[in-house]
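Please read the structure below before turning to the comments.
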Amino acid sequence: MLTTRPRGTSDILPGEVEKWQYLEQVIRNLCREYGYREIRTPIFEHTELFERSVGEATDIVEKEMYTFKDRGNRSISLRPEGTAAVVRAYLENRLYAGPQPVKLYYLGPMFRYDRPQAGRYRQFHQFGVEALGSHDPALDAEVMAMAMDLYSRLGLKEIELHVNSLGCPQCRPVFRERLREFFRERDGVLCRHCRDRLERNPLRILDCKEEGCRGAAQGAPTVLGSLCSPCEDHFRAVLGYLEQLGVPYTVNPCLVRGLDYYNRTAFEVVARDVGAQSSIGGGGRYDGLVEACGGPDVPGIGFASGLERVLLAMERQGISVPSPPGLDVFLVAADEAAREQSLVLVQQLRKSGLAADRDYMGRSLKAQMKFAGKLGVGLVAICGAGELARGAVILRDMRTGIQEEVPLSKLVEEVKLRCTGRKESAPVNGNHAGA
RNA sequence: GUGGAUGUAGCUCAGCUGGUCAGAGCACCAGGCUGUGGACCUGGGGGUCAUGGGUUCGAGUCCCAUCAUCCACCCCA
């Protein structure tokens, strides 16, 4: 126990963490270009926030939250998703009083108590955006385009965008009733779950994978046919904008999102070859959420993507990412005097802006060379009694094997000279700790 | 929460029907003469065989439980 991490969590080690840093970099650039600014909210919130926003009857709230009492006897939950907290922060900090829309993004760990499997963990990471304050269908399209843009920047192929409209509080109940009637007539073929869903949430039946239910769903009324005219106009506009932007999509009338707060636009991004958890991102409009949280009637739309799944998709597609540069130079000492000298020297190099290191294992000169080779350092500075006496070191190019003696006064300059143009990135592929 | 598979050195795995079965490759460390890496050679350290019970003269090897990992269901990112 002492040496095992909690189930469904992971250590991201050097060699792997560079991929995360790269992904985060791409995301931050993307957000900047789309006019989103970062928001950092707490990792835990009052449980009530999630119950009210995500929905009490959802799986997330019913069985997946990490909930506990703090020492003040308050019920606290680790955040299972990002939207609730952003909406809360929007209200608490009165961001609705400023210019709208407010475009925010977040990036960080989320927590759900679930049985881990490929692409699903108890602590996982999400990137998400939320745009609050606008009803404009163009914003719906922009959010989807932005999601697709991210995946394409990452080099992912065969990514599909599925879009649907869930209607609004005006038309959804009508549709829901029509669905109920439809399925009541054939509840004999429905699975046990779907018979429950019939009353609680008949939309879900459309999403069921059981054969009987799929059969029963054939010819079921579609949401799209039941939309009220404002919702229909909105949906048409969204699709129109997607076409204008050249974003390919599939209208999927069976698409239902698991969180209660969605209305109108709902979408999901699916990647093949990610295993059973093929959905790498999803989002939609949540026009009633801010008000439901006790704020003014402010609309919103957002999107979230699971970073583990994105990384998994990238890995399965053989996408390599550029790796950051390692050390510029490694100091090798041939004797005890030089060893002492190298401690000072390495620090001087660092103060000049170079990445430098030396041996701390009492290794022989040969072993130090070997170590430097393993680190993949391009340059090694070797010094011993002779060089020290002359106030110089030997600079060895580890690629060519060419080496020459340079005076200490020129070391920084020489190292910098040889480093430039050599830092072109190599792909990260190993899973093990590297330099 | 349900189902299936798996659990032997840091990593990838051998170990047949229980009796030299505690191994290999890679990794790590040290050498291959006196101050130099990546190839090669030699040697070395390292495992309570997931944990705890049980069966047996004897168990990595059979049985049970627990834990963990992986995969799938439910659901979701």
Side-chain angles (χ1 to χ4, degrees), chain A residues 1 3-10 13 15 54 57-64 79-83 108-128 147 191-194 196-197 201 204 207-210 256-259 268-271 274-283 302-313 330 332-335 338-339 359 361-388 393-403 430-433:
Chain A
M1 274 310 190
T3 54
T4 49
R5 58 185 189 270
R7 185 164 207 196
T9 63
S10 59
L13 302 176
V54 175
T58 58
D59 275 15
I60 291 180
V61 169
E62 271 183 357
K63 52 181 206 188
E64 292 171 7
R79 61 183 189 191
E81 57 97 55
T83 304
M110 305 290 164
F111 306 83
R112 288 184 204 171
Y113 189 89
D114 224 348
R115 204 83 178 254
Q117 72 187 75
R120 175 152 70 210
Y121 307 96
R122 290 186 173 179
Q123 174 172 168
F124 61 104
H125 296 78
Q126 273 190 344
F127 148 65
C191 70
R192 209 192 300 158
H193 278 295
C194 283
D196 290 341
R197 287 174 178 142
N201 191 356
R204 268 289 156 66
D207 208 28
C208 186
K209 280 124 199 155
E210 292 289 328
V256 179
R257 309 244 70 225
L259 287 65
E268 196 165 303
V269 183
V270 177
V274 179
Q277 263 58 48
S278 58
S279 160
I280 59 173
F303 163 76
S305 186
L307 301 189
E308 281 82 358
R309 290 185 187 178
V310 171
L311 255 10
L312 181 60
F330 189 83
V332 167
D335 54 54
R339 188 176 283 281
D359 175 59
M361 296 303 287
R363 288 185 170 89
S364 67
L365 184 137
K366 188 190 179 91
Q368 290 178 58
M369 293 300 296
K370 208 168 186 173
F371 184 64
K374 292 222 174 78
L375 290 179
V377 188
L379 285 173
V380 163
I382 307 160
C383 66
E387 291 77 25
L388 237 49
V393 296
I394 291 168
L395 207 50
R396 177 186 176 88
D397 185 313
M398 292 296 269
R399 263 204 226 161
T400 61
I402 297 168
Q403 56 186 51
N431 283 344
H432 304 293

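Lettering of chains follows the sequences in order, A, B, ..., and the numbering in each one begins at 1. Side chains included, hydrogens not; waters and symmetry mates left out as well; all remaining heavy atoms used. Note that this is a predicted model, so its numbers are computed, not measured.
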Between [N] ([atom2]) and [X] ([atom1]): distance, integer Å:
X	N	atom1	atom2	result
Ile402(A)	G38(B)	CD1	P	18 Å
Asp397(A)	G38(B)	CG	C1'	13 Å
Phe124(A)	C76(B)	CZ	C1'	8 Å
Leu395(A)	U36(B)	CG	P	18 Å
Leu388(A)	G35(B)	CG	C1'	13 Å
Asp114(A)	C76(B)	CG	C1'	7 Å
Ile382(A)	G37(B)	CD1	C1'	9 Å
Met398(A)	U36(B)	CE	C1'	8 Å

Could a donor-acceptor pair under 3.5 angstrom be found where the side chain of Glu387(A) meets the base of G35(B)?
yes
Checking only heavy atoms, does the side chain of Gln368(A) share a donor-acceptor pair with the base of U36(B) at less than 3.5 Å?
no
Just to verify, what does [X] make a salt bridge (Lys or Arg N to Asp or Glu O under 4.0 Å) with, not counting sequence neighbours?
X	value
Glu308(A)	none
Arg339(A)	Glu336(A), Asp359(A)
Lys63(A)	Asp59(A)

Taking only the side-chain heavy atoms of Ala118(A) (C-beta and beyond), determine which of A77(B), C71(B), U36(B) contains the nearest atom.
C71(B)
Below 3.5 Å is the cut-off: list the nitrogen or oxygen pairs between protein and nucleotides 25-29 of chain B, distance only.
{"residue": "C28(B)", "atom": "OP1", "partner": "Lys374(A)", "partner atom": "NZ", "Å": "3.3"}
{"residue": "C29(B)", "atom": "OP1", "partner": "Arg363(A)", "partner atom": "NH2", "Å": "2.9"}

Is Lys370(A) close to Lys374(A) at the side-chain level, that is, under 4.5 Å between some pair of heavy atoms?
yes
Which nucleotide, in any strand shown, forms a Watson-Crick or G-U wobble pair with [N], with both distances under 3.5 Å?
N	result
A72(B)	U2(B)
A24(B)	U12(B)
G7(B)	C67(B)

Can you list the residues that meet the side-chain contact (heavy atoms from CB on, under 4.5 Å) rule with [X], with sequence neighbours excluded?
X	result
Val377(A)	Leu327(A), Phe330(A), Leu375(A)
Ala313(A)	Leu156(A), Ala271(A), Val274(A)
Ala304(A)	Tyr106(A), Gln126(A)
Ala367(A)	Arg363(A), Ser364(A)

Residue mapping more 5' on RNA chain B - nearest nucleotide basis, Arg396(A) or Tyr113(A):
Tyr113(A)
Gly401(A) or Gly362(A), whichever maps to the more 5' nucleotide of RNA chain B
Gly362(A)
Can you tell me, in whole Å, how much space there is between the [atom1] of [N] and that of [M]?
N	M	atom1	result
C64(B)	G18(B)	P	16 Å
G15(B)	G23(B)	P	16 Å
A9(B)	G25(B)	C1'	12 Å

What nucleic acid atoms does [X] come within less than 4.0 Å of, heavy atoms only: base, sugar-phosphate, or nothing?
X	result
Ser279(A)	sugar-phosphate
Gly128(A)	nothing
Ile394(A)	base
Gln403(A)	base

Identify each atom pair where a protein N or O and an N or O of nucleotides 3-8 of chain B are less than 3.5 Å apart, giving names and distance.
{"residue": "G3(B)", "atom": "O6", "partner": "Arg115(A)", "partner atom": "NH2", "Å": "3.4"}

Check against side chain to side chain contact (heavy atoms under 4.5 Å, CB included), Val269(A) and Phe303(A):
CA-CA 10 Å; Val269(A) 183; Phe303(A) 163 76; 4.2 Å; yes
Verify the contact: side-chain N or O of [X] to OP1 or OP2 of [N], cut-off strictly under 4.0 Å; return yes or no.
X	N	answer
Gln117(A)	C71(B)	no
Lys366(A)	G37(B)	yes
Arg7(A)	U69(B)	yes

If every non-hydrogen atom of Cys383(A) is compared with every non-hydrogen atom of Ala338(A), which pair is closest and at what distance?
O-CB, 3.3 Å
